[in-house]
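In what follows, every chain begins at residue 1, and chains take the letters A, B, ... in the order their sequences are listed.
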Number of protein chains: 2
Amino acid sequence: MPPRQTELSDAELEVLKALWDLGPTSVREVMNHLHAQGRELAYTTVLTFLTRLKAKKYVTSKKSGQAYIYKAKVSREKVTGSRLSSLIEQLFDGASAPLVLHLVQSNKLSSDELGELRRLLNDLDDRDDQAPGVGEGR
Amino acid sequence: MPPRQTELSDAELEVLKALWDLGPTSVREVMNHLHAQGRELAYTTVLTFLTRLKAKKYVTSKKSGQAYIYKAKVSREKVTGSRLSSLIEQLFDGASAPLVLHLVQSNKLSSDELGELRRLLNDLDDRDDQAPGVGEGR
DNA sequence: GACGAACTACGACGGATGTAGTAGCTTGTT
DNA sequence: AACAAGCTACTACATCCGTCGTAGTTCGTC
């Protein structure tokens, strides 16, 4: 039997995000953090998610006194990148460009952000030295 | 009781995408299209998804002879936009900018695509003439 | 040393999802 | 008219997901 299911569910992600925000901490602290954001979950529910996150290897835990301290094992960037890739795969068959254009056109960026983007593009332009492994992901 | 569940599941989306690709068509054609992409689903499975899509109002159908012809009722853009918003909400608390920057930096865009993006930015620039101070976004 | 508070382990439960089988209706072809 | 092929409706079922409740353990306090 291969490990049951290793993907992050939405609710699990919420809990993981709390862990990223807080750093290594206890079930109770995570719960408090969620409550502070208006997410009312029972203590045992949070515990369940943390347990599942541990089973799926997204967090580790070590006992400290009576309780466990949970710690994120994967970075926010990693998870973010991977979720994003899935979405791009799903919606645009793997091509990032349509997504970027869509976002830029959607008028959701402030002038500052547009400026930042322009700057970034110029930088890229300069060092356009054929990065290896363009890895055509398809 | 509000209608059970109105969200698109992943598998349902795959089927809906086939409908977008093909235009109004039959279960069998949808199935063939999916098979052509290496997605081997039983005829009745495809039928199930189309039925669920109909229940969730993402498609309509009308009988044509013995079989039904299914037709997408929501546009690709609409669904794409909404899925994207959810992701942005989930991962970046609603801010699009970090996502755009992330994508541009990830080196997944071709020179052509970067060019296109630059062009788009220039257009936007023209029509949005604002000299913003150091306005802090969020 | 018994009590209550806090913690964890485990089980549970209804609804969603992915996937498909079966049965029965329809229709073109012998 | 009887059949085979194709179509839909309905049912099924394992797993996942979101959400907790309960029970048992541990530890600090009267």
Do A:D10 and B:Q90 have side chains that get closer than 4.5 Å, going by heavy atoms? yes

Between A:L41 and B:Y68, whichever has its closest DNA chain D nucleotide further toward 5' is B:Y68

Of the listed D:dT19, C:dA16, C:dT8, the closest approach to the A:V27 side chain comes from C:dT8

B:A67 has its side chain closest, among D:dT19, D:dT8, C:dA9, to D:dT8

May I have the distance from A:Y70 (atom OH) to C:dA9 (atom P), rounded to whole angstrom? 6 Å

Round to a whole Å and report the spacing from CG of A:D10 to C1' of C:dT17. 14 Å

So, do B:Y43 and B:V27 sit near enough that their side-chain heavy atoms are less than 4.5 Å apart? yes

Out of C:dA16, C:dA20, C:dG18, which nucleotide sits closest to the side chain of B:F49? C:dG18

Hey, are B:E29 and B:H33 close enough side-chain-wise for a donor-acceptor pair under 3.5 Å? no

A:L47 has an atom CG; how far is it from atom P of C:dG11, in whole Å? 14 Å

Quick one: is C:dT19 close enough that its OP1 or OP2 comes under 4.0 Å of any side-chain N or O from B:T48? no

Round to a whole Å and report the spacing from CG of A:L13 to C1' of D:dG18. 14 Å

Within less than 4.0 Å of OP1 or OP2 of C:dG18, is there a side-chain N or O belonging to B:S9? yes

With rounding to the nearest 0.5 Å, note down the distance linking CD in B:E7 to CG in B:L13. 11.5 Å

Whole-Å distance between C:dG18 P and B:L8 CG? 10 Å

To the nearest angstrom, the NZ-P distance between B:K63 and D:dG6 comes to 17 Å

Using heavy-atom distances to pick each residue's nearest nucleotide on DNA chain D, tell me which of B:R28 and A:Q66 is more 5'. B:R28

Phosphate OP1/OP2 of D:dC17: any A:K56 side-chain N/O under 4.0 Å: yes

If the cut-off is 4.0 Å, is B:Y43 near the phosphate of D:dT8, judged by side-chain N/O to OP1 or OP2? yes

Beyond-backbone contact of A:V100 with B:E113, side-chain heavy atoms, under 4.5 angstrom: no

Record whether the side chain of A:R39 comes under 3.5 Å of the base of D:dT19 through a donor-acceptor pair of N or O atoms. no

Does A:T44 contact D:dG21 through a side-chain donor or acceptor facing the base, at a distance under 3.5 Å? yes

Can you tell me how far C1' of D:dG6 sits from CD1 of B:I69, to the nearest Å? 14 Å

Phosphate-side-chain proximity, A:Q5 and D:dT15, N/O vs OP1/OP2 below 4.0 Å: no

Measure CG/B:L53 against C1'/C:dT17 and give the value in whole Å, please. 13 Å

Nearest heavy atoms of A:A11 and A:F49, plus distance in Å: CB-CZ, 3.4 Å

Among D:dG18, D:dC16, D:dA9, find the nucleotide with the atom closest to the side chain of A:R4. D:dC16

